[in-house]
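Reviewing the structure listed below.
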Amino acid sequence: MKSKIVTREEAVAGIHDGQVIMFGDWHGEFSAEELITEMLKKGVKDIDAIAVSGGMPDQGLGRLIHEHRVRSLITTHIGLNPEARDQMFAGELDIEFVPQGTFAERIRCGGAGLGGCLTPTGLGTDVEKGKQKLTINGKEYLLELPLHADVALIKATKADRAGNLNFRLISRATNSYMALAADLVIAEVEELVEVGELGPDDIDVPAPIVDMVYVRTGEKKPFCPMWQRAKAKAEAKAREAAEGGSK
């Protein structure tokens, strides 16, 4: 059995300028941070990104947007990243907004080899612009085309040497179905286990789908910057209340 474990440099060797890349991070909380750091170091640019959001300037995909490495983004929202908003209004970042359920279905269609999906979501809004409409049994639908990528950059909790992946709780998020919809699937993982340690019920993405596994060397299960800020704010508020009560 060939091991799929690679170094950070090997993991991003197949990532180049101008590629369509899916990012499995959920606003940056479940992002392949060390591989994104390596992409920044390598100077990868002109990325056509697909992600559930524009992230935040200091985490996940948002770091690449901050450095102006992303030229287009298909996403559900950018409300947490003011830099993505500013770049969009300045004409520096082309953004296509997609309702979140439709976003997921389009990626699933890309992974399953389907021609698209039909949905009433978005009718009568800006979402329908330029899209084909079909009437079935008297009801109107939008035809939403599949999404496929050159690369899927995902984050998993565990992997074995064969490439089977396991996600903890909600970290599965968009990672699992993005892995099915890309030509090259690269996973950054928290923990490496031996083949056989993950049981059938533990495997969320099977090994044949995964091309490379990188085991992060930094903090395990990192506390994302957004949560760090929220924690610091709560602790400061608690101290203030305690000091006020002791007077």
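- Cluster membership check: I209 shares its hydrophobic cluster with L165, using side-chain heavy-atom separations under 4.5 Å among Ile, Leu, Val, Met, Phe, Trp and Tyr.
- Residues V189 and V185 share a single hydrophobic cluster, defined by chaining ILVMFWY side chains whose heavy atoms lie under 4.5 Å apart.
- Remark: D48 pairs with R71 by the salt bridge (charged side-chain N to carboxylate O under 4.0 Å, His left out) rule, at least two apart or across chains.
- No single ILVMFWY cluster, assembled from side-chain heavy atoms under 4.5 Å apart, contains both V213 and V193.
- Side chain of K45 to backbone of V70: no donor-acceptor contact under 3.5 angstrom is found.
- Between K155 and E190 there is a salt bridge, since at least one side-chain N of the basic residue sits less than 4.0 Å from a carboxylate O of the acidic one.
- Counted by atom type alone, R63 and S31 present zero donor-acceptor pairs between their side chains at under 3.5 Å.
- Exactly one residue among T76, T119, V127 makes a side chain to side chain contact (heavy atoms under 4.5 Å, CB included) with T102. That residue is T119.
- A salt bridge is defined here as a Lys NZ or Arg NE, NH1 or NH2 lying under 4.0 Å from an Asp or Glu carboxylate O, and R229 with D58 meets this definition.
- If you chain together hydrophobic residues whose side chains sit under 4.5 Å apart, I21 and I154 never meet in one group.
- Looking at T75, its side chain does come within 3.5 Å of a backbone N or O of S53 through a donor-acceptor pair.
- In terms of heavy-atom proximity, G62 sits nearest to N81 at CA-ND2, 3.7 Å.
- Checking side-chain atoms of T7 against main-chain N and O of E10 turns up a donor-acceptor pair under 3.5 Å.
- Residue pairs meeting the salt bridge (Lys or Arg N to Asp or Glu O under 4.0 Å) criterion with at least one member in residues 108-135, sequence neighbours excluded, are E105-R108, D126-K129, E128-K133, K131-E144.
- The salt bridge (Lys or Arg N to Asp or Glu O under 4.0 Å) analysis of residues 77-86, with sequence neighbours excluded, yields no pairs.
- In this structure, L143 belongs to a hydrophobic cluster whose other members, linked by side-chain heavy atoms under 4.5 Å apart, are L118, L134, I136, Y141, L145.
- A ring pair (Phe, Tyr, Trp, His ring centres under 6.0 Å) check over residues 69-94, counting only residues at least two apart or in different chains, returns the pairs H27-H77.
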Donor-acceptor pairs under 3.5 angstrom involving side-chain atoms of residues 194-202: please list them, not counting sequence neighbours.
| from | atom 1 | to | atom 2 | distance (Å) |
| --- | --- | --- | --- | --- |
| E194 | OE1 | R161 | NE | 3.4 |
| E194 | OE2 | R161 | NE | 3.2 |
| E197 | OE2 | E194 | N | 3.1 |
| D202 | OD2 | G199 | N | 2.9 |

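- The two residues V205 and A179 have their closest heavy-atom pair at CG1-CB, 4.0 Å.
- Taking each heavy atom of E188 and E34 in turn, the nearest pair found is OE1-N, 3.2 Å.
- Here the options are V6, D211, L35, the test is side chain to side chain contact (heavy atoms under 4.5 Å, CB included), and the partner is I186; only L35 passes.
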